[in-house]
Amino acid sequence: QVQLVESGGGWVQPGGSLRLSCAASGFTFSSYRMSWYRQAPGKERELVASISNLLQLTAYAGSVKGRFTISRDNAKNTVYLQMNSLKVEDTAVYYCNARVGDMDFWGKGTLVTVDS
């Protein structure tokens, strides 16, 4: 029932921008915290950004703070990640995450490649 579908990944040159989207279904989207994670080749998955359900408080990894912005549209059941000033080291598969009760749900990921 729970489904998360990421989109918006692709290739971009250093300094460029992309906006990722995650369409959610199968749960009461507005009631739960949403997050973006990423996993680069040869590295462990890391938390990039998260946003709470009520006050939409946000938190970011130090490596992306000031460059990335997470947001959510509860009416559209969608969470976004606006990525600006992209760096080569941002290259990774980006995953949408929903913490629903005591469980975590994941999308299949979308690939972001930053190079020249």
Side-chain angles (χ1 to χ4, degrees):
Q1 280 289 327
V2 174
Q3 186 173 3
L4 303 172
V5 181
E6 302 96 336
S7 62
W11 176 88
V12 65
Q13 293 183 334
S17 298
L18 286 173
R19 188 177 75 159
L20 306 183
S21 298
C22 173
S25 61
F27 65 101
T28 305
F29 177 82
S30 62
S31 297
Y32 302 103
R33 182 175 68 91
M34 302 294 298
S35 300
W36 286 95
Y37 288 76
R38 69 185 181 187
Q39 187 167 21
K43 297 183 179 180
E44 294 187 352
R45 182 187 63 187
E46 64 173 340
L47 177 64
V48 176
S50 62
I51 183 166
S52 68
N53 63 300
L54 182 59
L55 299 178
Q56 299 194 11
L57 302 176
T58 58
Y60 299 91
S63 58
V64 307
K65 192 172 185 178
R67 299 188 297 119
F68 291 11
T69 303
I70 188 172
S71 62
R72 65 193 297 164
D73 186 337
N74 289 338
K76 296 181 178 180
N77 290 351
T78 302
V79 62
Y80 305 94
L81 185 67
Q82 178 67 48
M83 305 184 294
N84 298 325
S85 301
L86 282 161
K87 303 176 180 179
V88 172
E89 51 263 45
D90 294 318
T91 296
V93 177
Y94 284 72
Y95 297 93
C96 182
N97 164 268
R99 177 163 292 178
V100 182
D102 297 328
M103 298 179 290
D104 284 325
F105 295 90
W106 301 90
K108 294 186 181 297
T110 185
L111 176 63
V112 172
T113 301
V114 185
D115 65 33
S116 57

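If you read the sequence from its start, that first residue is 1, and numbering goes on from there. Values below: every heavy atom of this structure, side chains too, minus hydrogens, waters and symmetry copies.
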Handout entry: Gap separating the CG atom of D73 from the OH atom of Y80, nearest 0.5 angstrom
Key = 5.0 Å
Fill in the blank from the handout: Taken to the nearest 0.5 Å, the spacing of N97 CG from L47 CG works out to 8.0 Å
Problem - Point-to-point distance, once rounded to the nearest 0.5 Å, from CE of M83 to CZ of R19 - result: 11.5 Å
Exercise for the section: Report yes if the side chains of R38 and E46 come closer than 4.5 Å at any heavy-atom pair, otherwise no. Expected result: yes
Less than 3.5 Å apart, which donor and acceptor atoms pair up between the side chains of residues 23-31 and the rest of the protein, not counting sequence neighbours?
none

Handout entry: Which atom of S17 lies closest to which atom of N84, heavy atoms considered
Key = OG-OD1, 2.9 Å
Completion exercise
CD1 (I70) and OG1 (T58) are apart, to the nearest 0.5 Å, by 8.0 Å
Handout entry: Smallest separation among heavy atoms of T78 and S21, with atom names
Key = CG2-CB, 4.3 Å
Exercise for the section: Apply the test side chain to side chain contact (heavy atoms under 4.5 Å, CB included) to residues M34 and L4: give CA-CA distance (whole Å), side-chain angles for both, the deciding distance (0.1 Å), then the verdict. Expected result: CA-CA 11 Å; M34 302 294 298; L4 303 172; 4.1 Å; yes
Practice task
Compare every heavy atom of D90 with every heavy atom of V64, then report the nearest pair and how far apart it is.
Solution key: CG1-OD1, 4.5 Å
Exercise for the section: Measure across S35 and S50 and return the closest heavy-atom pair with its distance rounded to 0.1 Å. Expected result: OG-CB, 3.1 Å
Exercise for the section: Would you sort out whether W36 and V79 count as a side chain to side chain contact (heavy atoms under 4.5 Å, CB included), showing the intermediate values? Expected result: CA-CA 9 Å; W36 286 95; V79 62; 3.9 Å; yes
Exercise for the section: Say whether F105 and V93 are linked into one hydrophobic cluster, either directly or through other cluster members, by side-chain heavy-atom distances under 4.5 angstrom. Expected result: no
Completion exercise
Correct closest heavy-atom pair for P14 and S116 would be CD-N, 3.8 Å
Practice task
Determine, using the 4.5 Å side-chain heavy-atom cutoff (strictly less than), whether Y95 and V5 are members of one ILVMFWY cluster.
Solution key: no
Handout entry: Ring centers of Y37, W106 separated by less than 6.0 Å
Key = yes
Exercise for the section: Mind listing the closest non-hydrogen atom pair of R72 and I51 along with its distance? Expected result: NH1-O, 3.4 Å
Problem - Side-chain heavy atoms of Y32 within contact of R99, under 4.5 Å - result: no
Practice task
Quick one: pull up OH in Y60 and CG in L81 and give me the separation to the nearest 0.5 Å.
Solution key: 8.0 Å
Handout entry: From R33 atom CZ to N53 atom CG, the distance as rounded to the nearest 0.5 Å
Key = 10.0 Å
Handout entry: Side-chain touch L86/F68, heavy atoms, less than 4.5 angstrom
Key = yes
Exercise for the section: Determine, for E6 against K108, whether the closest basic-nitrogen to carboxylate-oxygen distance falls under 4.0 angstrom. Expected result: no
